[in-house]
2 protein chains.
Amino acid sequence: MNATTRSPQPPLTRSVEDYLKSVFHLTSQGGFATTSDIAEMLSVAPPSVSGMMKRLSETGLIEHVPYRGVQLTPQGRRAALQMIRRHRILESYLTSKLGYDWGDVHVEAEQLEHAVSEKLIGRMADALGEPRYDPHGAPIPTAAGEIEEAELVRLAETKVGSSVVLQEVGDENTERLHYLAEQGLTPGVHLAVIDRQPFNGPTIVRLGDGTTRVVGQELALLLLCRPVDGE
Amino acid sequence: MNATTRSPQPPLTRSVEDYLKSVFHLTSQGGFATTSDIAEMLSVAPPSVSGMMKRLSETGLIEHVPYRGVQLTPQGRRAALQMIRRHRILESYLTSKLGYDWGDVHVEAEQLEHAVSEKLIGRMADALGEPRYDPHGAPIPTAAGEIEEAELVRLAETKVGSSVVLQEVGDENTERLHYLAEQGLTPGVHLAVIDRQPFNGPTIVRLGDGTTRVVGQELALLLLCRPVDGE
DNA sequence: ACAGGCTGTTAGGCTAGCCTAAGTCTCAAA
DNA sequence: TTTGAGACTTAGGCTAGCCTAACAGCCTGT
Ligand SMILES: [Mn+2]
Ligand SMILES: [Mn+2]
Ligand SMILES: [Mn+2]
Ligand SMILES: [Mn+2]
């Protein structure tokens, strides 16, 4: 019986929950999450992160290699995925059932995710028909803690001439989401990549209705797409 | 420009919000809320209350008369009513829209009330048609901070032979609420008070369907009724 | 009028989480 | 191989919110 298996864990605090989510997101492509990346993502000073990492590794939620970074333990990953499920179910529910704009749900969910019970998340998921994606196209982990891992490519890195489906967009920036919605660049839309300007220039795409959009590189890096076969 | 009008208040913490609600409930019949009553209601030690009362009176949310008790200032009352509105709208929403049992909503709302935005409460209230009472019959303050103050009488103190309508029941105890629901003792039900046993004995009532219920004094003190005219 | 019991407050201490300032480590460039 | 910039940690300090132990005020019964 060591520390990681010692019986009933006290409930995680709001802060701890947010740290775990950050580490999950920062390590989703593999590797370590660094102190400064976590600090920036959570808007805290780096020493605050060092301190929290120390505590979290003592409770067995992360693995900390000093001066290298951190990774989630299986236990930490479970907790992170539960939070992400909560967040995305909440976003979906607010959008579908309470008329929220997809640009506004993130901020609200960021608070609510720490206050809702598993039961409530279950009821919401049920009312929605167990959605698989949130309003921004991000996959929703199952109650069992499984999450779909798709191989997506940024629009900025697609081959000119190829066809893709816009799958997922970042949900943190309200104005960006409003702009994307205006442009018709929402998850599920079919895009033909017709050109890309050199020197980190914009990508030009054609939508299903024949209209085109000029998507700057900064934005095009944040639009995750699924390539369409046979093109 | 004094302390109470000094510009943008920092948002209230979870603890502060719960203390304000307690003071509101404990002073709803007038008078002061005492340190020990607050301590018991919030399950904290009396010195914790003393400390918090000091801080809250410094920020102008309560008036503290040492060794006497506390009362809400207008500002504290506004904040308390806002929390009570949130709590009761949440209870109503969970019950009406997500299939929650009326015995379970209180615990969930107690957490959520600190995490929901005014906007979300507004959407929920809207989806419900601006309800005036929560599932336990308690009046819901308006967004403007008005609350209905009805003159209710405990069932235990009604006149034998009189007729009443059950208006409101306490929402804190899950088992009690389950029992009341089983007995058909829910807000809105019409009761004829047909007898009361002496020595703090039970009250016997007849429901609309002709069946009778024997309600022990402890319970009968918690059932708030509105007398029906002309009886 | 006052003693004792109860209630309330003060004193002092703890943890979680944050901060800034001051080291320490790493790694790449010279 | 050395060295310095930048990243990271350690040291020390702060607030909120809780606790227990000790002290103070209040009031009721005598
Ligand atoms: Mn959050
Ligand atoms: Mn999202
Ligand atoms: Mn609460
Ligand atoms: Mn209620």
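None of the values given here were measured: they were computed from a predicted structure. In what follows, every chain begins at residue 1, and chains take the letters A, B, ... in the order their sequences are listed. Scope of the values below: all heavy atoms of this structure, side chains included, with no hydrogens, waters or symmetry mates.
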Quiz item: On the ring face of A/Tyr133, is A/Arg88 found with NZ or CZ under 6.0 Å from the centre and within 45° of the axis?
Solution: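 Ring-cation test returns no.
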Tell me: [atom1] of [X] to [atom2] of [N], nearest whole Å?
X: B/Leu42; N: D/dC19; atom1: CG; atom2: C1'; value: 15 Å
X: A/Phe32; N: C/dT26; atom1: CZ; atom2: C1'; value: 15 Å
X: A/Met52; N: D/dC8; atom1: CE; atom2: P; value: 17 Å

Quiz item: Nucleotide by nucleotide, 5' to 3', does protein get under 4.0 Å of the base (B), only the sugar-phosphate (S), or neither (-) in nucleotides 4-14 of chain C, counting heavy atoms?
Solution: ----SBB----
Salt-bridged, [X] to [Y], with N to O below 4.0 Å?
X: A/Glu110; Y: A/Lys21; answer: yes
X: A/Arg154; Y: A/Glu157; answer: yes
X: A/Glu168; Y: A/Arg226; answer: no
X: B/Lys119; Y: A/Asp104; answer: yes

Self-check item: Candidate nucleotides C/dT20, D/dA16, C/dC18, ranked by approach to the side chain of A/Ala45 - the nearest
Solution: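 Looking only at heavy atoms from C-beta outward on A/Ala45, the closest nucleotide is C/dT20.
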Practice problem: Please lay out, stage by stage, how A/Ser117 and B/Glu108 fare under the test side chain to side chain contact (heavy atoms under 4.5 Å, CB included). | Solution: CA-CA 7 Å; A/Ser117 68; B/Glu108 189 88 44; 2.6 Å; yes
Quiz item: When you check the phosphate oxygens OP1 and OP2 of D/dA16, does a side-chain N or O of B/Thr13 lie under 4.0 Å from one of them?
Solution: no
Self-check item: salt bridge (charged side-chain N to carboxylate O under 4.0 Å, His left out) contacts touching residues 69-79 of chain A (sequence neighbours left out)
Solution: A/Arg77-A/Glu149
Quiz item: Does any residue of residues 14-22 of chain A have a heavy atom under 4.0 Å from DNA chain D, and if so, which ones, in number order?
Solution: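 Per residue number, the list is empty: none.
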Self-check item: From B/Leu112 atom CG to B/Arg86 atom CZ, the distance as rounded to the nearest 0.5 Å
Solution: 11.5 Å
